[in-house]
Amino acid sequence: MIDFLIIGGGIAGLSAGARLSEHGTVTVLEAEDALGYHASGRSAALFEEGYGPPSVVALNKASAEFFFTNDYLTPRGLMLVAKSDQADQFRKDLSELGMAEISVADALERVPVLNPETVAYTALSEGAYDIDTDRVLQDFARTIRANAGSVLTRQKVTRIRKDGNWLVEAAEVFQARTIVNAAGAWADEVARMAGIAPIGITPRRRSMARLPAPGGHDVKNWPMMLGAGETWYAKPDAGKLLVSPSEADPVEPHDAYADDMVLAEGLARYEEMVTSPVTRVETNWAGLRSFAPDGTLVLGPDPSDESFVWSAGQGGYGFQTAPAASRLVADLALGRAPELDAAMVSALTVSQLR
Ligand SMILES: Cc1cc2nc3c(=O)[nH]c(=O)nc-3n(C[C@H](O)[C@H](O)[C@H](O)COP(=O)(O)OP(=O)(O)OC[C@H]3O[C@@H](n4cnc5c(N)ncnc54)[C@H](O)[C@@H]3O)c2cc1C
């Protein structure tokens, strides 16, 4: 009998599994051949403490120490970039993200391809970091195994029944006291299988293009650039530049791929702000950012059946919130008092949505 059966081998499932493996037996079931195949393998890997609604920011802040202590972060910086007709949006973003305005001339020193004819306002935050997401995923999986748990791939859950305990059918049948639903875009599907009311998760596609370094520049120390109103962003990645149109188009859960038209429009918005034209896209992809109706994570036991625990709605924040979110999932599943502020905790629970 398994104490905690986790459905989903992305960052949500592996981090929750690692926390819970210190308190009982854990098995993680992942449908695909590899861990992190969906959203968790396709992210921009950024940690920015001020990014997200208040309960997400609380989780970001509570996660920082874990990331720093384990050396998962590398300084990146975040630069906000706006045109002359985006003054209001620029001010709004600047205050939400707690950034400091800098002159366009100073911005050009950091990113020499910015176009001074189109870029009118710039701001900078040094509090943004690259997360070593592969290592985070693998380390959580290693913790589960070190605590005598199992992390199994090619185990797509197709049927869930309850007969005293949970009976979960995948490539094998598993019996568990508690289920943790960490199925990302498929979280409502898993809930329905278990006879639990869905919470209204909406998967939203976000595409990404990898470009050669613009103008042959060394981009290693460039900050991530964010178009005002999150209309595009660009981030250095292993000597190349990732550019995203920052779309949030609602879709059905599926193995996502980039939309060519959306990508082209996003690249045009980026291109307008730089002097180096996009000559070639080396590769592109997309992932699903899955949101609950209130835009925050949904964590902890379902009020209709406490042995069904949610870790869903990670949206665009699944990595940066994972250390604190997984601790909260474990606290709530184990009936322990959470470390996080009570108002924030209640904003993150299922009851909030019901
Ligand atoms: C383009 C992009 C950029 C992003 N940038 C950032 C960023 O900079 N910083 C940040 O913090 N976050 C970012 N995110 C968000 C982050 O990637 C997600 O919030 C996070 O990966 C979600 O993790 P998850 O484990 O919930 O979902 P997933 O990684 O999708 O994992 C869910 C898993 O459940 C499995 N599953 C589903 N159904 C079943 C079933 N029936 N049986 C077994 N397994 C099942 C799936 O196969 C999947 O592997 C970004 C996302 C995208 C797409």
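Numbering of ligands and ligand atoms starts at 1, following listing order.
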Step-by-step salt bridge (Lys or Arg N to Asp or Glu O under 4.0 Å) determination, Asp249 to Arg206:
CA-CA 7 Å; Asp249 298 337; Arg206 178 154 287 191; over 6 Å; no
Any chance the side chains of Ser326 and Arg19 put a donor and an acceptor closer than 3.5 Å?
yes
Under 6.0 Å between ring centres, would you say that holds for Phe68 and Tyr129?
yes
Determine whether the aromatic ring centres of residues Phe319 and Phe47 are separated by less than 6.0 angstrom.
no
In chain-and-number order, ligand 1 lies under 4.0 Å from a heavy atom of each of Ile7, Gly8, Gly9, Gly10, Ile11, Ala12, Leu29, Glu30, Ala31, Glu32, His38, Ala39, Ser40, Arg42, Ser43, Ala44, Ala45, Leu46, Gln155, Lys156, Val157, Ala182, Ala183, Gly184, Trp186, Arg206, Met208, Tyr233, Gly287, Leu288, Arg289, Gln314, Gly315, Gly316, Tyr317, Gly318, Phe319, Gln320
Shortest non-hydrogen contact between Val151 and Leu14, atoms and distance
CG1-CD2, 4.0 Å
So, using ring pair (Phe, Tyr, Trp, His ring centres under 6.0 Å) as the criterion, who are the partners of Phe291 when residues are at least two apart?
none
